[in-house]
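Throughout, protein chains are lettered first and strands after them, A, B, ... in sequence-line order, and every chain is numbered starting at 1.
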Amino acid sequence: MGERGVDRIYKCPECESRNIITDSKHAELYCADCGLVIAENIVDLGPEWRSYDEEQTAKRIRTGPPMTYRIPDKGLGTPAPELPARTKRLRWISIDSGDKTLVLALLEIDRMTDALKLPNNIKEETSVLYRKAMKHNLIKKGRSIEDLVSAMLYITCRQYEVPRTLKEIAEVSRSSLKKIRRAYIFLIRKLGIKLAPVNPARYIPRFCSKLGLSEEIRERAIEILRDDEGTGVAKGWEPTGTAAAAIYLATVLSGEKRKKTELELAKVAGVSVPTIRSRLKFLERQRGS
DNA sequence: CTTTAGACGAAGTATTA
DNA sequence: TAATAATTCGTCTAAAG
């Protein structure tokens, strides 16, 4: 097994893609298209994450569906573990219903995760987060469910390092970017959630996939960011811009012919051309010296 | 004609007190 | 909560392919 590569034998249980990337450097397996992390043992994601060695990982992949990362919320009804996910949720609703907003929220979570092609564990965890917010009395009359649910989805994505930007979420949300951001800050504060900065490299597989770029380009782009790590470029506020710049640089450096334009990169990454350029300058300066 | 490069003000954001 | 500093965006101009 290579240090990092694609094994076509595995298929993403979520989106059917065979673009499963094996990154043994970071000890993880993830889908390049939907971002589903199939297995990993990175430590700093939170207390609920456990480590698996490679043997266990392989076994799990072969036995089919990925493990579910559901953490039962002990303060609320814990469903029978053998029930499928959808049934679980329905049953939960009937347990503590009386609150119609919960039903709406869960439906909205379903709708949005489907629209964004997000893996199931994200869907589940967002539901858990919503319940947590309920428990903390954060769901009140006057607060928009749309705002909160969208913000929660973003938070879960960040926690699980599944790359979706606030902008992308806003696009499928019934709320606006501004409102979602407000709700996001609100939730972070009230629930005391700490989020690690996004690693720009997380966006690269998906962007490359969208653009139809080769594995070689993708690896190169990731490599470029790796070299750059910790210099200040990588921890910028707009990680997508950095990711786009790295991809662009990778295409220029290797595949002279079928390169993508800055504009195409900008569109996929959801940033502007000038932003990519400014990131590019930093990256080039780093490599030059 | 298309793509890339640089610069400017405007606008919105994170951080700090 | 308000002010400050740093960043991004859109657009314009110009050069290069």
Q: For DNA chain C, produce a single dot-bracket line, 5' to 3'. Pairs: Watson-Crick or G-U wobble, both distances under 3.5 Å. Symbols: ( ) within strand, [ ] crossing, | other strand, . unpaired.
A: |||||.|||||||||||
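- Across the protein-nucleic acid pair, A:Phe186 atom CZ and B:dA14 atom P stand 17 Å apart, rounded to whole Å.
- Under the 4.5 Å side-chain criterion, counting only non-hydrogen atoms from C-beta, A:Leu153 is in contact with A:Leu118.
- Side chains of A:Gln159 and A:Thr156: no donor on one and acceptor on the other come within 3.5 Å.
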Q: Please step through salt bridge (Lys or Arg N to Asp or Glu O under 4.0 Å) for the pair A:Glu284 and A:Arg279, ending with a clear verdict.
A: CA-CA 9 Å; A:Glu284 279 170 338; A:Arg279 298 281 111 182; over 6 Å; no
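- Residue A:Arg181 places at least one side-chain N or O closer than 4.0 Å to OP1 or OP2 of B:dT13.
- Between A:Phe282 atom CZ and C:dT7 atom C1' there is a gap of 10 Å when expressed in whole angstrom units.
- Expressed to the nearest 0.5 Å, how far CZ of A:Arg220 lies from OG of A:Ser214 amounts to 10.5 Å.
- Considering only the side chain of A:Pro274, B:dA7 comes nearest among B:dA7, C:dT8, B:dT3.
- Regarding A:Ile180, its CD1 atom lies at a distance of 16 Å from the C1' atom of B:dG12, rounded to whole Å.
- A:Ser150 OG to A:Leu166 CG: the interatomic distance, rounded to the nearest 0.5 Å, is 9.0 Å.
- Between the NZ atom of A:Lys267 and the P atom of B:dT3 there is a distance of 12 Å, given to the nearest Å.
- Note on A:Val271: only backbone sugar-phosphate atoms sit closer than 4.0 angstrom, heavy atoms only; bases stay farther off.
- Using a 4.0 Å cut-off between charged nitrogen and carboxylate oxygen, A:Glu146 and A:Lys179 do not count as a salt-bridge pair.
- The listed nucleotides are B:dT4, C:dT7, B:dA7; the one nearest the side chain of A:Arg279 is C:dT7.
- Between A:Glu262 atom CD and C:dG10 atom P there is a gap of 15 Å when expressed in whole angstrom units.
- Between A:Ile276 atom CD1 and C:dG10 atom P the separation is 12 Å, expressed in whole Å.
- Taking atom CG on A:Leu263 and atom P on B:dC1, their separation rounds to 18 Å, with Å as the unit.
- Residue A:Ser209 holds its OG atom at 13.0 Å from CD1 of A:Ile204, rounded to the nearest 0.5 Å.
- Look at NZ on A:Lys281: it is 17 Å from P on B:dT4, rounded to the nearest Å.
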